[in-house]
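Following: one structure in structure tokens, then a few remarks.
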Amino acid sequence: MAASRVSHLPQYPIRQSSPSDAGPPTSLKAFEPHPKRYNKLGIRASLQRENELNKNPQALELQGTLADFQSDVVSKHLNTLPRPLSSTQLSGSVSDRSRLRVAYQGVSGAYSESAAQKAYPNCEAVPCEQFDTAFEAVERWLVDRAVLPIENSLGGSIHRNYDLLLQHSLHIVGEVKYAVRHCLLANHGVKIEDLKRVLSHPQALAQCENTLTRLGLVREAVDDTAGAAKHVALHKLEDAGAVASSGAAEIYGLNILAQDIQDDSDNITRFLMLAREPIIPGTDRAFKTSIVFSLEEGPGVLFKALAVFALRQINLTKIESRPLRKQPLRGSDDNNTKYFDYLFYVDFEASMADQSAQNALGHLKEFATFLLVLGSYPVDKSTA
Ligand SMILES: O=C(O)C(=O)C[C@]1(C(=O)O)C=C[C@@H](O)C=C1
């Protein structure tokens with residue numbers, strides 16, 4: 001049976017128990033860190049990378065005292081910024097627990113940090129080197145929440161995070177939309193015409209495709225926008241700029257050469273808030289539910305799956321398909337393995353507390369080979 005082919009995946013309907021989070025804004029939960037998990041710090045991969053890059057002869061030195069002064073200021077300032085958690089640090093110690101701790105991917109000045117602050121005002125935003133690290137930081141009780149980008153109105157889905165939602169067992173407890181306004185940043189004294197390349201997060205580069213093409217700049221992908229700004233500043237690059245926020249320009253002492261360089265003035269990134277426990281799905285306000293499922297192959301099967309919502313007047317807001325990895329896929333019994341089986345991620349506008357949503361999922365379960373509720377959470381109705 002197909003169900004056994006996905007047996008390594010969590011079983012439906014998990015993750016709708018022991019609610020503990022009321023969504024944004026939320027109060028601090030009394031999570032006590034486990035002492036054994038907070039005792040050592042590893043070497044940061046990003047620092048190693050920076051050291052290697054220091055040796056790179058392409059890293060041009062700016063001449064003159066102004067640049068040196070700026071660099072000193074930036075370096076001193078950078079020492080006061082929180083260092084991103086790396087996967088080797090996940091057993092390291094945490095500070096006091098007086099504020100909600102929220103993990104995000106990137107360094108200070110990243111859009112994800114702003115999204116974390118929007119989702120949880122007054123939180124302590126904790127930078128992480130990778131998306132996986134942010135998931136793990138929550139799982140290991142180093143932080144209380146993670147805020148991660150899932151889709152952007154120009155660039156589309158952040159596929160990595162869709163995959164990680166299944167690889168980890170966190171619950172979606174909220175969403176937050178954030179208006180992303182990109183700037184082209186460079187060191188002081190560097191003009192647009194001096195630039196040959198531009199560094200940023202791949203999503204940010206994609207969102208500024210038109211401007212960057214017009215300027216004829218070579219794109220270089222890095223882990224996050226603020227990390228790009230930091231790199232340009234630290235290495236005093238003269239031929240490279242960064243696509244990042246105006247906040248990153250301030251933090252890393254860079255000049256803003258151009259503002260609002262995204263292809264469309266409305267550039268919204270939707271972030272998910274993740275926690276160890278789900279929230280109580282309510283009916284007092286607009287809720288959204290995120291699920292993931294897989295189906296047997298056959299004509300009209302996806303049509304049938306989506307009809308369970310249409311039949312009940314439930315509006316879908318997002319559908320995403322991702323390859324179902326490392327599966328002994330359909331046809332494997334007769335040695336006719338196919339490598340294109342899919343997981344379907346669907347967001348729909350209803351709460352799991354609504355009977356219609358329960359009925360729709362009950363119906364879908366009759367023929368889905370796998371079904372999981374990732375979370376039922378309040379809709380962010382803000383315009384970002
Ligand atoms: O690099 C950053 O600043 C991020 O927060 C990441 C990220 C993303 O992954 O989409 C977030 C918002 C923007 O869409 C661009 C980049």
Side-chain angles (χ1 to χ4, degrees), residues 46 49 81-85 102-120 123 125-135 137 143 145-165 175-185 198-212 219-233 240-252 254 256 259-274 318 320 322 380 382-384:
S46 65
R49 273 203 302 274
L81 294 173
R83 296 189 167 183
L85 278 180
V102 181
Y104 69 94
Q105 191 266 334
V107 296
S108 196
Y111 296 103
S112 299
E113 182 188 40
S114 306
Q117 300 286 2
K118 182 178 176 189
Y120 299 105
C123 72
V126 179
C128 295
E129 284 193 349
Q130 301 299 335
F131 290 133
D132 308 56
T133 324
F135 276 86
V143 298
R145 305 281 186 279
V147 169
L148 297 158
I150 196 74
E151 59 174 328
N152 171 269
S153 56
L154 291 176
S157 297
I158 288 106
H159 295 132
R160 176 91 188 118
N161 284 341
Y162 274 100
D163 296 341
L164 288 172
L165 281 173
E175 65 170 4
V176 65
K177 291 182 191 134
Y178 187 80
V180 172
R181 301 180 63 182
H182 292 302
C183 301
L184 180 60
L185 312 180
V198 62
L199 281 63
S200 199
H201 186 281
Q203 269 283 336
L205 294 172
Q207 292 159 22
C208 303
E209 182 66 30
N210 295 344
T211 312
L212 301 181
R219 282 76 144 169
E220 291 183 18
V222 294
D223 284 345
D224 70 290
T225 56
K230 182 178 172 184
H231 183 80
V232 167
V243 172
S245 63
S246 54
E250 201 175 315
I251 294 170
Y252 301 106
L254 293 177
I256 300 178
Q259 264 176 325
D260 278 326
I261 60 165
Q262 64 275 1
D263 290 350
D264 196 317
S265 54
D266 278 339
N267 183 28
I268 311 294
T269 300
R270 181 174 158 248
F271 293 79
L272 296 178
M273 289 110 88
L274 305 173
K318 176 84 205 281
E320 181 70 41
R322 296 289 301 146
D380 178 11
S382 72
T383 48

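As the structure lists them, so they are numbered: ligands from 1, and atoms in each ligand from 1. The figures here come from the full heavy-atom set of this structure, side chains too, leaving out hydrogens, waters and symmetry mates.
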Applying a 4.0 Å heavy-atom criterion (strictly less than), which segment of Pro149 is in contact with ligand 1: side chain, backbone, both, or neither?
side chain
Does Thr225 approach ligand 1 within less than 4.0 angstrom via side chain, backbone, both or neither, non-hydrogen atoms only?
both
Can Asp223 and Gln105 be said to form a side chain to side chain donor-acceptor pair (under 3.5 Å), step by step?
CA-CA 8 Å; Asp223 284 345; Gln105 191 266 334; 4.9 Å; no
Could you check whether Arg322 pairs with Glu320 (Lys NZ or Arg NE/NH1/NH2 to Asp/Glu carboxylate O, under 4.0 Å)?
no
Hey, could you give me the CG/CD distance between Leu205 and Glu220, rounded to the nearest 0.5 Å?
9.5 Å
Pairwise distance CG(Leu148) to SG(Cys128) - rounded to 0.5 angstrom
8.5 Å
Before signing off on this row, confirm whether [X] and ligand 1 have an N or O atom pair separated by under 3.5 Å.
X: His201; answer: yes
X: Gln207; answer: yes
X: Asp223; answer: no
X: Gln203; answer: no

Show me which atoms of ligand 1 lie under 4.0 Å from any heavy atom of Thr269.
12 (C), 13 (C), 14 (O)
Do any N or O atoms from the side chain of Lys177 and from the backbone of Ser382 form a donor-acceptor pair under 3.5 angstrom?
no
Aromatic plane relationship, Tyr178 with Tyr111 - under 30° parallel, 30 to 60° tilted, over 60° perpendicular:
tilted
